[in-house]
Amino acid sequence: MDFAAFSDEGFEATHWVNQALAARPQSSSEDAHASMLVTKLQTFIQKVNSELQETSRQVVQDLPSVVRSIDVIAQELSSLKERMALVKQDIERVEQDTAQSMALLVELDRVKERIEETSSALQEADNWTTLSTDIEAAFVSEDLAMIASTLLGMQRSLMVLSDVPDYEDRQRRVVMFQNKFEALISPRLLDAFTHRNLEVAKECRVMFADMDRLPQLCNYYYRSQKAPVFKAWAAGAESERPLTTWLPEFHDKLVGVANAEHAWTRDLFPDAEEVLGSLMVQILSERKPPFAECLKQHHREHGLPGVIECFEMTQGFAGKLPKLGGAVLDAVFEPFVHYQIEFGHLAEQEMAAHVTGKINFDVTGLGLEQGAEVLQKALVEAFRLMGAATDSCRKLTGMAACEGLCAAISATVDVLCSRINHAVDTLRQECGLRESLSAVAGAGDNEDDEADAWEQVHGVFRLIQLCGELIRRLGEVEETLRSTLLHHKEALQGKAPPLLMCDYLHNRPRPRKVLAEFLESLTKGEPLLSEADSAVLALNTQVHKFGFDAVLAPIAGTLDSVSTDKVWTEAAAESEFSMAPLGYITKVGEQLLTLPQLLEPFISAEDNTVTLASQRCSLPFASQDLVDDTADSLADRWLGSVARGIMDVYAKQILKIPRVTSSACKQLCIDIDYLCNVLSALDVLPSGDLLHVTQLLSVDVAEVAETAQGLEDVRPELVARVEQMRKMS
């Protein structure tokens, strides 16, 4: 039975009884088990009562003894308090009696200190005289240890004699002896540095430290190490070898010096890494001629690729140097900062010079097909330059000059488009297509001219393909730039490890601000090459106009003689009219019906460059109803535009006829109706002007004005011209 449960604070009798009854053995009945539990509890209660009675009795017996002990302790505490008060009174009395004696002792101690200081000053004054004599003898004997010891003594004496009237003269004398001593030991010191004699170098270091001239010691060390390195640099710079051949050799030599000195200086200088870092900075910044001048000359001869080659060599060199701090890296890469900051301008100048001076855009006398091939090669070469510039930006600036790179690419594309546009103008003039179709009057007068004209259409579509290729490549360049910059965005913002060993934008707030603003616009999804895109679209528009004119020219040439043909004005010519359309309009119809077959090779070609170019340009007389960019819709777009252009030319030619007879009016209506049927077969609606002309020619002269009033959107000048044509007849 568990009696410990009775002492728990949360004891519950019911819970305990249930547990005890549940522990009943299977061989015992519940009544027997309960009776046994009652018996055990009664026995336990009797035992507890017995122990309580015994404990109470013992406490009552011991209580008087405890009370007596407490009284004794109280009496002792009272006695201790009285004695402590007496001791306090004794201490206060002693302090009062000895105060004057202690003050006297303090004053005597102060006097003693002054006497000792005076004695020491007199002794040092006497030492100064002795040391001044001894040092002259020491210099005669060139005993370095003796000179150093004597000088140290003179310096100590001078510190004590700081208040004497001739202190400054004594100080100048000490400095003179220090200079003389430094000159005496400098050859030995330089020899120790040159041959790495650590023992001698340490001795000299102690001497310089005693003179408080450790900076001068470092200068001697720098001088000993710089001389052979500068000699190697000058030999390379004065040679006729290219910079990229002797620069790695110099780097290897300097790495060897740095690693050797890194191990040796740690045993000589407490701040060895600082000393070695200062040595490297001095070597890198004091070279004659300066590295910046050598690099400038190399840039003149080899451009940015030459600078980048040297930069990559320098990065390899910097990686081999011991870790000597940021100042060393700044000195290593300082000559390249100009090219990094000005990367955009330099890249723009080089690409523009290459495009204008080294890429062939001369298409004079080549014809459209060969001219398009020349321009295609020029396009490929120009985008090769832009790809190389992007790669150069990554290597030289870690893409931190991305804003300048995009500006350089945009400027290069602008120059490229300008050169292509000039070449297209040359081809246009050689084809006889100037700014208006009047220059190609009569292009459809004979079969040979017409064949030549349709041959030109093939060549012009090659130029449209070129524009599509230009748009596609420019889009790829922008997408590549965007993905690259987004990938390196955190590194460029300083939130990830940098892409270069040295951050050239450090302490240059303006370029960093330009970069931050550019990255912000990148995050917003703003276009990177908007100016280049505008230049390409302008070129694309001009080439499409050229293409449209080339397609329209042979058909328009067929209509060129409509306004001057005397058949419309002479009554004698009425016998030539019939109920069938005349030959000129049937020829136009045939030309229009063959147009889909002519355009098909370009529009349905596997490469979609023509489609891509046409998506970014609106043709003359374009319909706003076609918004689909599929090949079928593109063919419909061209057919519709050309057809509407032909209707515009035809309507203008009709309105130029001086006068028309009644029979001529009927014939013109038949001809126009034929053309409208052809257009219907091509799914092109007749133009409003052409329909209005037909309606005004089909009524009597007296009814023209009344009929015009019922026409929708008719132009007043068109009505006036038709009235004039008919009245004159």
Side-chain angles (χ1 to χ4, degrees), residues 354-356 358-386 412-435 439-440 443 449-477 532 535-554 595 597-617 619-620 631 634-635 637-638 641-642:
H354 193 103
V355 170
T356 55
K358 296 183 179 180
I359 297 181
N360 178 28
F361 291 91
D362 187 8
V363 296
T364 305
L366 295 181
L368 286 172
E369 290 283 347
Q370 294 183 7
E373 291 180 5
V374 169
L375 297 180
Q376 174 67 26
K377 292 178 181 178
L379 174 68
V380 172
E381 176 64 15
F383 274 91
R384 185 196 65 78
L385 290 176
M386 297 176 211
T412 303
V413 170
D414 185 67
V415 173
L416 173 66
C417 291
S418 176
R419 299 283 291 177
I420 293 177
N421 194 41
H422 179 73
V424 169
D425 285 343
T426 300
L427 293 172
R428 185 183 182 105
Q429 292 177 12
E430 290 183 352
C431 293
L433 293 173
R434 291 184 172 81
E435 293 304 319
V440 291
D449 290 342
E450 184 178 348
D452 291 341
W454 290 120
E455 186 66 28
Q456 289 178 2
V457 172
H458 288 77
V460 172
F461 267 88
R462 287 289 305 276
L463 295 177
I464 294 176
Q465 285 179 323
L466 180 72
C467 289
E469 178 73 8
L470 180 57
I471 292 171
R472 182 184 64 80
R473 285 178 175 267
L474 184 62
E476 291 175 352
V477 169
V536 170
L537 293 184
L539 173 65
N540 188 40
T541 300
Q542 291 299 317
V543 173
H544 270 78
K545 188 176 184 304
F546 182 16
F548 177 82
D549 290 347
V551 174
L552 193 68
L595 193 57
Q597 184 179 359
L598 177 71
L599 299 177
E600 182 180 2
F602 302 99
I603 294 176
S604 61
E606 291 185 1
D607 69 70
N608 61 345
T609 50
V610 172
T611 303
L612 186 62
S614 296
Q615 289 173 358
R616 304 293 302 276
C617 176
L619 290 169
L634 179 59
R637 187 184 305 169
W638 271 92
S641 293
V642 173

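Taking the side chain to side chain donor-acceptor pair (under 3.5 Å) definition, one finds that Thr412 meets it with nothing, sequence neighbours left out. With sequence neighbours excluded, the residues that form a side chain to side chain donor-acceptor pair (under 3.5 Å) with Arg472 are Glu469, Glu476. Evaluation of the side chain to side chain donor-acceptor pair (under 3.5 Å) rule for Glu373 yields no partner, not counting sequence neighbours. Under the rule for a side chain to side chain donor-acceptor pair (under 3.5 Å), the partners of Asp362 that lie at least two apart in sequence or sit in another chain are Thr364. For Ala535, the side chain to side chain contact (heavy atoms under 4.5 Å, CB included) criterion is met by Asp414, Cys417, not counting sequence neighbours.
The two residues Arg419 and Phe361 come nearest to each other via the heavy atoms NE-CD1, 3.5 Å. Trp638 and His544 get closest at one heavy-atom pair: CZ2-CD2, 3.9 Å. Residues Val460 and Ala550 approach most closely at CG2-CB, 3.7 Å, considering heavy atoms. Between Ser614 and Arg637, the closest heavy-atom pair is O-NH1, 3.1 Å. Between Cys617 and Asn540, the shortest heavy-atom contact is CB-ND2, 3.3 Å.
Going from atom CZ of Arg616 over to atom SG of Cys467 covers 11.5 Å, rounded to the nearest 0.5 Å. Taking CD1 of Ile464 as the start and OG1 of Thr609 as the end, the distance is 9.5 Å to the nearest 0.5 Å. Summarising the geometry, atom CG belonging to Leu463 is positioned 9.5 Å from atom CD1 belonging to Ile420; distances are rounded to the nearest 0.5 Å.
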Donor-acceptor pairs are to be reported for all side-chain atoms of residues 374-383 against protein atoms at under 3.5 Å, with residues two or more places apart or in another chain.
{"from": "Glu381", "atom 1": "OE1", "to": "Arg384", "atom 2": "NE", "distance (Å)": "3.2"}
{"from": "Glu381", "atom 1": "OE2", "to": "His354", "atom 2": "NE2", "distance (Å)": "3.1"}
{"from": "Glu381", "atom 1": "OE2", "to": "Arg384", "atom 2": "NE", "distance (Å)": "3.3"}
{"from": "Glu381", "atom 1": "OE2", "to": "Arg384", "atom 2": "NH2", "distance (Å)": "2.7"}

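The backbone N or O of Leu539 sits nowhere less than 3.5 Å from a side-chain atom of Asn421 that would complete a donor-acceptor pair.
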Would you check, one step at a time, whether the test side-chain contact (heavy atoms from CB on, under 4.5 Å) holds for Leu416 with Leu470?
CA-CA 10 Å; Leu416 173 66; Leu470 180 57; 4.0 Å; yes
